[in-house]
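Step one of this worksheet: look at the structure below.
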Amino acid sequence: MASLKREREAVVDDDDNEDGVAPKIVRGRVTEDRRSRHCPYLDTINRSVLDFDFEKLCSISLSHINVYACLICGKYFQGRGLKSHAYTHSVQFTHHVFLNLHTLKFYCLPDNYEIIDSSLEDITYVLKPTFTKQHIAGLDKQGKLYRAYDGTTYLPGIVGLNNIKANDYANVVLQAFSNVPPLRNYFLEEENYRGIRRPPGDIMFLLVQRFGELMRKLWNPRNFKAHVSPHEMLQAVVLCSKKNFQITKQGDAVDFMTWFLNALHGALGGTKKKTSIVTKAFQGSMRIFSKKLPHPDLLPEEKEALLLTEEYQEQMSESTFLFLTLDLPTAPLYKDEKEQLIIPQVPLFNILGKFNGNTEKEYKTYKENFLKRFQLTKLPPYLIFCIKRFTKNNFFVEKNPTIVNFPITNVDLREYLTEEAQATEKNTTYDLVANIVHDGKPSEGAYRIHVLHHGTGKWYEMQDLQVTDILPQMITLSEAYIQIWKRQESDDDTNNHTGA
């Protein structure tokens, strides 16, 4: 009986004609129900309770098949047949207008006819925002404020993300990537990734779909509220990462970003040789010079003999990277004369010295020690720096509070390139576009992000749902953890944002 009912509902949903009109079959002809364009219940719709950010599940059966949203109370129910949850709800509470969350069609229950009215288009747009190429092209050229249905004003893209419990570590990374134009433009248009084929049973593509949906919600100029809940996106993260990253447990933003970039690259069909939008935006390359060191317990003569063997000669390898890790100098252990701990400071160019091709650093493994030095061979359009603040030992995690002094614009990285790369790379100057900050203790703490809005040239600070504008001079005083830098287009390209 239940399967027959489901089949009957499927027929009602699938047999709609091209005009989207509720069909009535009379002697083989499809006719429109007269009530479709004159539904008396449209004024009962309560837009202020509508929230399409959460998982599309029936609130009673927890099924995701054939789910309808009640537009009066905002709850989700399954089906619209005689004994379905949506039908029962409509009779019990006299809520009559429902939206099919899959087909985007409106129905009046319990009368069971489709509603056709252009005044409902704003609801379907909030559920599934769409962007034209012209709209996407103009996103970075204007800074117009939009008013949400609840009366608050907001800038599309500069929108708070709800911290459900302890997921701010993921929120800041998602907000940072939503303000990287090539990545954002790719995901705003679903056509770009809809045709990608994945093997049967592959769940990783869910990450791509959910990230695209989140991106479109963040940049939606017709939102009902000035914030977004990343609930569906984070559930996809929990599922695809096999619970390595969770909503209820604080994680590390760098670990999440590393996993997310690689998972996104793989889900988009990318491999080590095949590119994706992720590698086009963020991937650069470097040379690694590695030299094996003799065991420190050996006698000096034995060490000298080993250093002459081929195994202990310097070897060069080429490697790609999606981000560069910058090491901080160790923080002072003791207080100064005034019994106060000095907060050390270090210029950005000092810690970038790791990549000048001369600075050697010792890397210890369980068995062997190596001396390594690095030099960049190719710079990406968007460069990510991860400032290594946390060190783990056997007992606990320590945080280095050193402040990194950096300019907001015109950071030239030419000196860190090889001579051949210096000749081929035209532009090596970068401007900051996003800055992720970690405040507080290592195991607890909270994350916030500074983002440059390209249209207005202003900087904004976002922490969960709070969005405030901030002076660029204040950004350099924070404990920066992850930074995204944008390569300047050309020498005469003058950016309209202010630097410190």
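A quick note: this is a predicted structure, and the numbers were derived from the prediction, not measured.
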Looking only at atom types and distance, does a side-chain atom of Asp53 sit under 3.5 Å from a main-chain N or O of Ser229, one as donor and one as acceptor?
yes
Under 3.5 Å, is there a donor-acceptor pair between the side chain of Asp111 and the main chain of Tyr113?
no
Specify the closest pair of heavy atoms between Asn167 and Pro230, including all atoms of both residues, with the distance to one decimal.
ND2-CG, 4.3 Å
Can you tell me if Thr132 and His135 form a side-chain donor-acceptor pair at under 3.5 Å?
no
Would you check if there is a donor-acceptor pair between the side chains of Gln483 and Trp485 at a distance under 3.5 Å?
yes
With a 4.5 Å cut-off on side-chain heavy atoms, are Leu127 and Lys56 touching?
yes
If you compare all heavy atoms of Val159 against all heavy atoms of Ala226, which two are closest, and at what distance to 0.1 Å?
CG1-O, 3.5 Å
Do the non-hydrogen side-chain atoms of Leu50 and Tyr149 ever get within less than 4.5 Å of each other?
no
Separation between OG1 (Thr130) and CZ (Arg216), nearest 0.5 Å, reads 9.0 Å
Where Ser59 and Phe77 come nearest, the two heavy atoms and their spacing
OG-CE2, 3.5 Å
Going by atom types alone, do Ser276 and His265 pair a side-chain donor with an acceptor below 3.5 Å?
yes
Answer yes or no: is there a donor N or O on one side and an acceptor on the other, between the side chain of Glu213 and the main chain of Glu232, under 3.5 Å?
no
Examine Phe177 together with Phe282 and report whether their ring centres are nearer than 6.0 Å.
yes
Atom CZ of Arg37 and atom CD1 of Ile116: how far apart are they, to the nearest 0.5 Å?
4.5 Å
How many angstroms lie between CG in Leu214 and CH2 in Trp219, if you round to the nearest 0.5 Å?
12.5 Å
Set out, in order, the CA-CA distance, both residues' side-chain angles and the distance that settles salt bridge (charged side-chain N to carboxylate O under 4.0 Å, His left out) for Asp122 and Arg222, then state yes or no.
CA-CA 7 Å; Asp122 62 328; Arg222 290 153 61 180; over 6 Å; no
Step by step, work out the side chain to side chain contact (heavy atoms under 4.5 Å, CB included) result for Asp117 and Leu42.
CA-CA 9 Å; Asp117 198 293; Leu42 292 187; 3.3 Å; yes
Checking Asp255 side chain against Gly251 main chain: does a donor-acceptor pair fall under 3.5 Å?
no
Check: Thr476 side chain, Gln473 main-chain N or O, donor-acceptor pair, under 3.5 Å:
yes
Is a side-chain donor-acceptor pair under 3.5 Å present for Lys399 with His438?
yes
Apply side chain to side chain contact (heavy atoms under 4.5 Å, CB included) to the pair His102 and His64, showing each step before the final yes or no.
CA-CA 10 Å; His102 180 65; His64 60 269; over 6 Å; no
For the residue pair Glu444 / Gln250, report whether a side-chain donor-acceptor contact shorter than 3.5 Å exists.
no
Asn171 and Asp168: side chain donor to acceptor below 3.5 Å
no
Is the distance between the ring centroids of Phe260 and Phe245 under 6.0 Å?
no
Donor-acceptor pair between Asn427 and Glu489 side chains, under 3.5 angstrom:
no
Val397 side chain reached by Thr391 side chain, heavy atoms, under 4.5 Å:
no
Taking the six-membered ring for Trp, are Tyr68 and Phe98 closer than 6.0 Å centroid to centroid?
no
Knowing that exactly one of Asp33, Leu120, Leu71 qualifies, which makes a side-chain contact (heavy atoms from CB on, under 4.5 Å) with Ile115?
Leu120
Check for a donor-acceptor pair, side chain of Arg389 on one end and backbone N or O of Thr402 on the other, with a separation under 3.5 Å.
yes
Any non-hydrogen side-chain atom of Val208 less than 4.5 Å from a side-chain atom of Leu268?
yes
Side-chain heavy-atom pair Leu145, Leu155 within 4.5 angstrom cut-off
yes
So OH of Tyr87 and CG of Leu109: to nearest 0.5 Å the spacing works out to 8.5 Å
Measure from NZ or CZ of Arg198 to the centre of the six-membered ring of Phe205 and say whether it is under 6.0 Å with the direction within 45° of the ring axis.
no
Using a 3.5 Å distance criterion without hydrogens, assess whether the side chain of Asp140 forms a donor-acceptor pair with backbone atoms of Gly455.
no
For Asp431 and Arg487, run salt bridge (charged side-chain N to carboxylate O under 4.0 Å, His left out): C-alpha distance rounded to whole Å, both residues' side-chain angles, the deciding distance at 0.1 Å, then the answer.
CA-CA 6 Å; Asp431 298 329; Arg487 185 165 58 194; over 6 Å; no
Verdict with supporting geometry, Asp327 and Ile351, side chain to side chain contact (heavy atoms under 4.5 Å, CB included):
CA-CA 6 Å; Asp327 303 315; Ile351 55 176; over 6 Å; no
Taking Lys217 for its side chain and Phe52 for its backbone only, find out whether a donor-acceptor pair lies under 3.5 Å.
yes
Over all heavy atoms of both residues, which pair between Val172 and Ile449 is shortest? Give the atoms and the distance, please.
O-CD1, 3.3 Å
With sequence neighbours left out, write down each residue that passes ring pair (Phe, Tyr, Trp, His ring centres under 6.0 Å) with Tyr146, or none if nothing qualifies.
none
Centroid-to-centroid, Phe323 to Phe385, below 6.0 Å?
no
Other residues, nucleotides, ligands: >12 heavy atoms within 6.0 Å of Gln466 CD
no
Quick check for you: to the nearest 0.5 Å, what is the distance between Met204 atom CE and Ser241 atom OG?
8.0 Å
Would you please indicate yes or no on a ring centroid separation below 6.0 angstrom for His227 and Tyr154?
no
Atom CG in Leu471, atom NE2 in His450: separation rounded to 0.5 Å?
11.0 Å
Listed partners of Tyr76 passing ring pair (Phe, Tyr, Trp, His ring centres under 6.0 Å), at least two apart:
none
Note, Ile123 side chain near Ile45 side chain (heavy atom, < 4.5 Å)
yes
Distance alone, cut at 3.5 Å: any donor-acceptor contact between the side chains of Gln78 and His85?
no
Thr88 side chain vs Ser84 backbone, donor-acceptor pair below 3.5 Å
yes
Got Pro442 and Phe396 here, is their nearest side-chain heavy-atom distance under 4.5 Å?
no
Under the criterion side chain to side chain contact (heavy atoms under 4.5 Å, CB included), I'd like the reasoning laid out for Phe106 against Thr124: C-alpha separation, chi angles, the key distance, then a yes or no.
CA-CA 9 Å; Phe106 297 88; Thr124 53; 3.4 Å; yes
Return yes when atom NZ of Lys75 has more than 12 non-hydrogen atoms of other residues, nucleotides or ligands closer than 6.0 Å, and no otherwise.
no
Side-chain touch Leu379/Tyr430, heavy atoms, less than 4.5 angstrom:
yes
Quiz question: by atom type and distance under 3.5 Å, do the side chains of Asp464 and Tyr447 form a donor-acceptor pair?
no
Under a 3.5 Å distance rule, please check whether Ser36 uses its side chain to pair with a backbone N or O of Glu114 as donor and acceptor.
yes
Testing the basics here: between Glu55 and His231, what is the closest heavy-atom pair and its distance to 0.1 Å?
N-ND1, 4.1 Å
Give the minimum heavy-atom separation between Asn220 and Pro129, together with the two atoms involved.
ND2-CG, 3.9 Å
